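Here is the structure we will look at.
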Amino acid sequence: MPDLPLTGGCLCGGVRFEVTEPLLSAGYCHCTRCQRRTGTGAAASARVAPGSLRIVQGEELVRAYQPTDGFAKEFCGFCGSALWSRHPDDPEVIGVRLGAFDSDPGIRPAYHQYVAYAAAWEPIPDDGLPRFPEGRTA
Ligand SMILES: [Zn+2]
Ligand SMILES: [Zn+2]
């Protein structure tokens, strides 16, 4: 396990955060929204323990895109870096983007979800992880 707190931030360095408890779960999302949002084929995120995410710098830079349904996408309004998603009804349900961490967050993605929408140009890796056509059900 890495030392706690885990630390991370956005590309411009304006937003800095820490996670004070071990991450709960992680996975790859291949949904169309994640493709649009990141410009990549899939996005890796990890669920944090409730109350364990703290913004230590640049809270005023954090913007949110709230779709009409589903999780809000929070990002740095200056550099555009993806930071985390947040449940619209329970703000403590948060999925931090793995790429936002400074170093090894100690967890590994354990599933692929929304593979029915996976990008045609990027084959899903043959990594033995379970695949869910829609959202993860287990
Ligand atoms: Zn930034
Ligand atoms: Zn997604």
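Keep in mind the model is a prediction, meaning the values are calculated, not measured. Below, each value reflects all heavy atoms present in this structure, side chains not excepted, and no hydrogens, waters or symmetry copies. As the structure lists them, so they are numbered: ligands from 1, and atoms in each ligand from 1. Just so you know, residue 1 is the first one in the sequence shown, and it goes up from there.
Angle SG(C29) to the Zn ion (ligand 2) to SG(C31), rounded to 10°: 110°.
Partners of R63 according to the salt bridge (Lys or Arg N to Asp or Glu O under 4.0 Å) rule, which considers only residues two or more places apart in sequence or in another chain, do not exist here. Looking at residues two or more places apart in sequence or on another chain, you find a side-chain hydrogen bond (donor to acceptor under 3.5 Å, both in side chains) between D69 and R33.
Residue contact annotation: H30 places no N/O/S atom under 2.8 Å from the Zn ion (ligand 2).
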For residues 120-128, which side-chain donor-acceptor pairs fall under 3.5 Å, sequence neighbours excluded?
from: D127; atom 1: OD1; to: H112; atom 2: NE2; distance (Å): 3.4
from: D127; atom 1: OD1; to: L129; atom 2: N; distance (Å): 3.1
from: D127; atom 1: OD2; to: H112; atom 2: NE2; distance (Å): 2.8

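With ring centers used as reference points, F17 lies under 6.0 Å from F101. A centroid separation of 6.0 Å or more is found between the aromatic rings of Y117 and H30.
Closer than 2.8 Å to the Zn ion (ligand 1) sit the protein N, O or S atoms C10 SG, C12 SG, C76 SG, C79 SG.
In this structure the side chain of Q66 reaches within 4.5 angstrom of the side chain of P88, judged on heavy atoms.
Under a cut-off of 6.0 angstrom, the local environment of CD in E59 is sparse, with at most 12 non-hydrogen atoms contributed by other residues, nucleotides or ligands.
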